[in-house]
Amino acid sequence: MPTTIRAAVAHDGATEFAVERVALRDPGESDVVVEIDASAFCYSDWLALKGDTGLSELGVHPVVLGHAAVGTIADAGASARHARGRRVLITATPECGRCFWCVNGRVDQCEGLFVEPPVIGRLDDGREVRAPGSSATYAEASVIRDIQVFPIESDLPDEWLAMFGCGIVSGMGAVVNVGRVEPGSSVVVVGCGQIGLWMIQAARILGAARIVAVDPIAERRRLAERVGATHVIDPEAVDLREAVLAATHGRGADFGFDAGGSVESVRQAFELTRLGGVVTLTSYVTRDTEVAFPLFDLALRGRDVRSSQSGRLDMRRDIATFGPMLESGAVDVEAMLGGIRPLERIDETLAASRDRAEITPIVAP
């Protein structure tokens, strides 16, 4: 070590990636070096690239993005909890197992989350390269904390497993772990991208009787029907609230899920959920974005509003829960996949996500 690899580097002010050589640093005591087999591209990385997540203000460029992948451990620090040769899943949410939140069942808020982006290596000109999310999976290999990698024993394709640490745990986890949809209930999902479509699949598996999917893009509404929506609505073509009321006995949905990535989708998920219902929020816009709800409805009319950072994941639990669903065919994984492209074509992958042309494009270094 250090090992020189290729990575998709994001520079301050750029709106595309540059595939460059990075000399990885040696792993620390509890780090591992993971050779990346496939990484799922997330729309949130487009937000990071164009500056909405505050990376410029933090002054951490150049950076390597990417936070959900599958790979193999090639090297490990002396105290790392995983050995060389293990196939692992990678996620941006760590699980230290020792902090207050991990010990008290809220792994999704582990104190190792949202830390200063660590240095993973250097460019040829000597500049340090950092990893927002501490993962940096848009690369041939990355140095990652051992608390962000999780052993997996599965014969599923790399491109399927790459989606686990983002779309699967965030979307299905929001329904299973956070909203806790009940059999026979009604569900509304606002936004039918990567997260929303996984939500629909989970709601179907849990036995929801009515699943209402809301999205202005016709192809995404078609996919929503394919994976389990019983009703699909174009919010630009009808009165959205009236359409949802018509599909839910005039009350609104028992469970509302926001997956639209906007203030509007958050408000819609709230407004389309019945009195006494459960509203689960997943959208992120910018660090200082604020959302207003009517206090009368929020305080006195019984809506239970829940936060869902990565589906309140516990990766060991969620691998055991969602893995068999993928293996048995209970979920339609192919409906979720976009194109599979090499690292050199990552800007095509970026465009497919940015322009909402594909659900989950895959980077295969």
Side-chain angles (χ1 to χ4, degrees), residues 5-20 22-25 27-28 30-34 36 39-69 71 89-96 108-123 127-149 162-167 169-170 194-195 261 282-289 309-310 313 315 343 346-347 349-350 353-354 361 363 365:
I5 54 95
R6 295 175 308 135
V9 180
H11 293 275
D12 195 14
T15 55
E16 292 188 332
F17 295 99
V19 177
E20 301 182 50
V22 175
L24 293 180
R25 65 170 173 84
S30 57
D31 294 331
V32 293
V33 177
V34 181
I36 307 298
S39 182
F41 195 94
C42 181
Y43 187 81
S44 67
D45 285 326
W46 160 237
L47 298 179
L49 184 65
K50 74 189 184 86
D52 288 353
T53 59
L55 294 181
S56 293
E57 290 78 1
L58 292 174
V60 296
H61 287 92
V63 299
V64 176
L65 302 173
H67 53 267
L89 299 180
I90 299 165
T91 180
T93 301
E95 298 183 22
C96 75
D108 62 299
Q109 298 301 314
C110 175
E111 66 180 15
L113 184 66
F114 300 130
V115 297
E116 180 180 352
V119 174
I120 62 165
R122 292 182 181 273
L123 296 177
R127 284 182 294 166
E128 292 180 335
V129 178
R130 293 182 177 269
S134 306
S135 317
T137 62
Y138 300 154
E140 291 178 321
S142 185
V143 183
I144 306 173
R145 297 177 295 179
D146 65 355
I147 57 176
Q148 286 180 242
V149 301
M163 295 187 283
F164 217 102
C166 182
V169 293
S170 295
Q194 179 183 181
I195 303 302
T282 70
S283 284
Y284 170 82
V285 182
T286 65
R287 285 178 178 266
D288 59 355
T289 298
Q309 195 288 116
S310 289
L313 85 175
M315 279 293 282
L343 192 63
I346 192 168
D347 283 331
T349 301
L350 164 66
S353 177
R354 179 195 64 212
V363 179

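FYI, the numbering just counts along the sequence from 1.
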Notebook entry, point to check: Residues in side chain to side chain contact (heavy atoms under 4.5 Å, CB included) with P94, at least two apart?
Noted result: C110, L113, R145, I147, Q148
Notebook entry, point to check: Who pairs with E95 by salt bridge (charged side-chain N to carboxylate O under 4.0 Å, His left out), at least two apart in sequence or on another chain?
Noted result: R316
Note to self: Run the side chain to side chain contact (heavy atoms under 4.5 Å, CB included) test on L65 and L55 for me, step by step, so that the C-alpha distance in whole Å, both residues' side-chain angles and the decisive distance to 0.1 Å come before the verdict.
What the structure shows: CA-CA 11 Å; L65 302 173; L55 294 181; 4.3 Å; yes
Next item on the list: Give the ring-plane orientation class for F41 versus F17, where under 30° counts as parallel, over 60° as perpendicular and anything between as tilted.
Entry: perpendicular
Check: Quick one: salt bridge (charged side-chain N to carboxylate O under 4.0 Å, His left out) pairs with a partner in residues 11-20, sequence neighbours left out?
Finding: none
Checklist line | Residue list, side chain to side chain donor-acceptor pair (under 3.5 Å) with Q109, at least two apart or on another chain | finding: none
Next item on the list: Identify, with sequence neighbours excluded, every residue that meets side chain to side chain donor-acceptor pair (under 3.5 Å) alongside D108.
Entry: R106
Item checked: Distance (rounded to the nearest 0.5 Å) between F164 CZ and S170 OG -> 11.5 Å
Check: Between the side chain of T137 and the main-chain N/O of S135, is any donor-acceptor distance below 3.5 Å?
Finding: no
Checklist line | Set of residues satisfying side chain to side chain donor-acceptor pair (under 3.5 Å) with respect to D347, sequence neighbours excluded | finding: none
Checklist line | Main-chain N/O of A68 paired to T91 side chain as donor or acceptor, under 3.5 Å | finding: no
Notebook entry, point to check: What pair of heavy atoms forms the shortest contact from A18 to H11, and how long is it?
Noted result: CB-CD2, 4.3 Å
Next item on the list: With the side chain counted from C-beta on, respond yes when V63 and P117 share a heavy-atom pair under 4.5 Å apart, and no when they do not.
Entry: no
Notebook entry, point to check: Side-chain contact, heavy-atom cut-off 4.5 Å: P62 with L123?
Noted result: yes
Note to self: Quick check: closest heavy atoms across T349 and P361, and the distance to 0.1 Å?
What the structure shows: CG2-CB, 3.4 Å
Next item on the list: Please identify each residue that fulfils salt bridge (charged side-chain N to carboxylate O under 4.0 Å, His left out) with E116, with sequence neighbours left out.
Entry: R130
Check: How many angstroms lie between OG in S30 and CD1 in I144, if you round to the nearest 0.5 Å?
Finding: 12.5 Å
Checklist line | Sequence-distant partners of T15, side chain to side chain contact (heavy atoms under 4.5 Å, CB included), two or more places apart | finding: W46
Next item on the list: Quick one: closest heavy-atom pair of P118 and S134, and the distance?
Entry: CD-OG, 3.4 Å
Checklist line | Counterpart residues, side chain to side chain contact (heavy atoms under 4.5 Å, CB included), relative to V19 (two or more places apart) | finding: R6, L343, I346
Next item on the list: Identify the two heavy atoms, one from A131 and one from A136, that lie closest to each other, and give their separation to 0.1 Å.
Entry: CB-CB, 3.6 Å
Notebook entry, point to check: With side chains defined as the heavy atoms from C-beta onward, is the minimum distance between R25 and D31 less than 4.5 Å?
Noted result: yes
Next item on the list: Could you tell me which residues satisfy side chain to side chain contact (heavy atoms under 4.5 Å, CB included) with T289, sequence neighbours excluded, listed by chain and number?
Entry: V263, V285, T286
Item checked: With sequence neighbours excluded, residues passing side chain to side chain donor-acceptor pair (under 3.5 Å) with S310 -> T93
Margin query: Holding to salt bridge (charged side-chain N to carboxylate O under 4.0 Å, His left out), I want the full list of residues that pass it with D45, two or more places apart in sequence or in another chain.
Written below: none
Margin query: I need the I120 CD1 to S142 OG distance, nearest 0.5 Å.
Written below: 4.5 Å
Next item on the list: Might you point out which heavy atoms bring I195 and C166 nearest each other, and give the distance in Å?
Entry: CD1-O, 4.4 Å
